[in-house]
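Numbering of residues begins at 1 and proceeds along the displayed sequence.
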Amino acid sequence: MEISHILKYYRKLNHLSVKDVAEQFRQFKHPIAQKTIYGWESGKTQPSADNFIFLCHLYHINNINEAIENSAQTKTPIIPTAWEKKLLLSYRKHPEYQAAIHKLLELVPEQE
């Protein structure tokens, strides 16, 4: 999937308008015109590495590979909240409880 589609997809997923994104760049002391953002989302141009990193931060994209996969596979990707990340880390720290959690949630672990 092209970066342009991913940028537009995640902007909309985060309920941001192009104007909102331009305003965030302005507050970041790096003004960007709305037409520049439209250019990125149409694939006519691409953001610089710094701008792309800022967009990933703004759109809550922590892993670009997952973002590409999510945007290609589903209309509603999973973007974990801070609490969900904390739960996952706790789950991984306590393997002795994982079997009980699987049973409680009626989950069958995938084979690695």
Side-chain angles (χ1 to χ4, degrees):
M1 184 165 240
E2 292 182 24
I3 294 295
S4 59
H5 297 291
I6 293 164
L7 292 176
K8 186 173 185 177
Y9 176 81
Y10 275 87
R11 177 180 57 78
K12 289 183 175 189
L13 183 68
N14 284 279
H15 307 289
L16 295 168
S17 67
V18 170
K19 184 178 179 180
D20 295 332
V21 174
E23 176 61 22
Q24 289 295 319
F25 271 101
R26 189 190 65 71
Q27 289 180 11
F28 182 58
K29 307 282 190 250
H30 186 68
I32 297 286
Q34 291 181 36
K35 69 179 184 176
T36 301
I37 298 165
Y38 283 118
W40 296 340
E41 292 184 358
S42 69
K44 291 180 181 174
T45 61
Q46 290 191 352
S48 68
D50 288 342
N51 289 340
F52 184 71
I53 290 168
F54 181 77
L55 289 168
C56 286
H57 173 75
L58 182 63
Y59 298 162
H60 308 287
I61 298 173
N62 298 317
N63 182 321
I64 190 62
N65 290 329
E66 286 179 9
I68 292 167
E69 187 176 310
N70 285 339
S71 62
Q73 292 180 358
T74 179
K75 292 182 180 178
T76 55
I78 298 170
I79 301 175
T81 64
W83 175 249
E84 290 167 332
K85 290 176 186 177
K86 188 175 180 178
L87 285 171
L88 177 59
L89 291 173
S90 182
Y91 172 85
R92 289 180 177 172
K93 284 182 187 177
H94 298 284
E96 68 274 16
Y97 298 130
Q98 292 175 4
I101 293 168
H102 297 168
K103 186 172 183 176
L104 176 68
L105 299 175
E106 299 176 352
L107 297 173
V108 177
E110 293 180 8
Q111 299 298 320
E112 293 186 25

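Listed here is the closest heavy atom pair of Y59 and N14: O-ND2, 3.0 Å.
Other residues, nucleotides and ligands place no more than 12 heavy atoms under 6.0 Å from the CD atom of Q46. The environment of OH in Y97 is sparse: at most 12 heavy-atom neighbours from other residues, nucleotides or ligands sit within 6.0 Å.
One distance of note links NE2 of H30 with CG of D50; it measures 7.5 Å at 0.5 Å rounding. Between the CD atom in Q98 and the CG atom in L107 there is a gap of 11.5 Å [rounded to 0.5 Å]. For the atom pair NE2 (H102) and CG (L104), the distance works out to 11.0 Å, reported to the nearest 0.5 Å. Between the CG atom of L55 and the CD1 atom of I61 there is a distance of 8.0 Å, given to the nearest 0.5 Å. Taking CD1 from I32 and CH2 from W40, the interatomic distance works out to 4.0 Å, rounded to the nearest 0.5 Å. Annotation: the span from L13 atom CG to K8 atom NZ amounts to 14.0 Å, rounded to 0.5 Å.
Among residues two or more places apart in sequence or in another chain, the side-chain contact (heavy atoms from CB on, under 4.5 Å) test is passed with S4 by E2. Applying the ring-ring contact (aromatic ring centres under 6.0 Å, His included) test to Y38 and every residue at least two apart in sequence or in another chain returns nothing.
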Distance-only donor-acceptor pairs under 3.5 Å for side chains of residues 18-25, two or more places apart:
unit_1 : atom_1 : unit_2 : atom_2 : d
D20    : OD1    : S17    : OG     : 3.4
D20    : OD2    : S17    : N      : 2.9
D20    : OD2    : S17    : OG     : 3.1
E23    : OE1    : R26    : NE     : 3.1
E23    : OE2    : R26    : NE     : 3.4
E23    : OE2    : R26    : NH2    : 2.5
E23    : OE2    : Q27    : NE2    : 3.1

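For the pair L7 and P47, the minimum side-chain heavy-atom distance is below 4.5 Å. Inter-residue side-chain proximity for F28 and L58 is flagged as unmet; no heavy-atom pair is nearer than 4.5 Å.
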